[in-house]
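For reference, positions follow the sequence shown, starting with 1. Remember, it's 1-based here, ligands and their atoms both numbered in the order they're listed. Because the structure is predicted, anything quoted here is derived from the model rather than measured.
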Amino acid sequence: MYSDQHVTMLISETQLKTRVQEMAQEMTRDFQGKELTVVAVLKGALVFCSDLIRSMDLPLEMEVLGVSSYPTGAETTGEARLTFDLTKPLAGKHLLLVEDIVDTGLTVDFLKKTFEARQPASIRVCALLHKPSRTRVQVPIDYMGFSVEDHFLVGYGLDYEERYRNLPFIGVLNLG
Ligand code: 5GP
């Protein structure tokens, strides 16, 4: 397994697997009989989402979307921009937004508002990780994997300058 001296393991591969399966089981129950569209937010949520949907035992469609993080200075306004949009209309669909991590909450808040305007039947938010100490906008997280302290995390989809996404665990990056 690839790693380096800058990364300290925080959540192991086994812990991730167990929690992802539990979340998928809960979703399987909740979305029974509903037209479900699962949306992975690029790029960080891809690894998590691909494990999640393979443990969900129901028919679903999968989409991906790109969102630019707010430019420096615009954090207070929560200004974000879609860089890659969904391919199909959402009207009448049950939407499950899958995020890697909810930090300030600004991105998920922006995405919820953006998609509410497209009149889906419902919107639910799923985040593998949540940093409650960093919250700036309260957004309901319907399915949450792990609550974490304010560290910079990498692995299992999360990057630092595009590296570390392929680590099978979540680790804390120490660059000091
Ligand atoms: P928010 O809008 O909630 O502040 O931030 C959401 C995005 O910030 C996440 O989707 C993720 O891309 C990035 N982010 C926040 N915290 C971390 C972290 O600890 N590690 C990495 N790699 N990205 C993070």
Backbone or side chain, does any N or O of [X] fall under 3.5 Å from an N or O of ligand 1?
{"X": "K131", "answer": "yes"}
{"X": "L153", "answer": "yes"}
{"X": "G105", "answer": "yes"}

When you compare the side chains of T107 and E99, does any donor N or O come within less than 3.5 Å of an acceptor on the partner?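 No, E99 and T107 have no side-chain donor paired with an acceptor closer than 3.5 Å.
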Just by distance, with hydrogens left out, do S147 and H130 show a side-chain donor and acceptor under 3.5 Å apart?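 Note: S147 and H130 side chains miss the donor-acceptor criterion.
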Per-atom contacts, ligand 1 versus [X] - under 4.0 Å to a heavy atom:
{"X": "T107", "value": "1 (P), 2 (O), 5 (O), 6 (C)"}
{"X": "E99", "value": "10 (O)"}
{"X": "L158", "value": "21 (C), 22 (N), 23 (N)"}

Hey, can you tell me if F48 and Y156 have their rings parallel, tilted or perpendicular (30° and 60° cut-offs)?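 Because their plane-to-plane angle lies in the 30° to 60° range, the rings of F48 and Y156 count as tilted.
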Given V102, D103, D100, which one has a non-hydrogen atom that is nearest to atom 9 (C) of ligand 1?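 Looking at heavy atoms only, the winner is D100.
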Check this for me: does any side-chain nitrogen of one of [X] and [Y] sit under 4.0 Å from a carboxylate oxygen of the other?
{"X": "D85", "Y": "R118", "answer": "yes"}
{"X": "D159", "Y": "R163", "answer": "no"}
{"X": "R29", "Y": "E26", "answer": "no"}

Using only atom types and a distance under 3.5 Å, with no angle test, would you say the side chain of E63 pairs donor to acceptor with the backbone of K88?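 Side chain of E63 to backbone of K88, a donor-acceptor pair under 3.5 Å: yes, one is there.
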Against ligand 1, does D159 come closer than 4.0 Å with any heavy atom?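 It does, in that a heavy atom of D159 comes within the 4.0 Å cut-off of ligand 1.
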Using heavy atoms and a 4.0 Å limit, tell me yes or no: is H151 in contact with ligand 1?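 Right, H151 reaches ligand 1.
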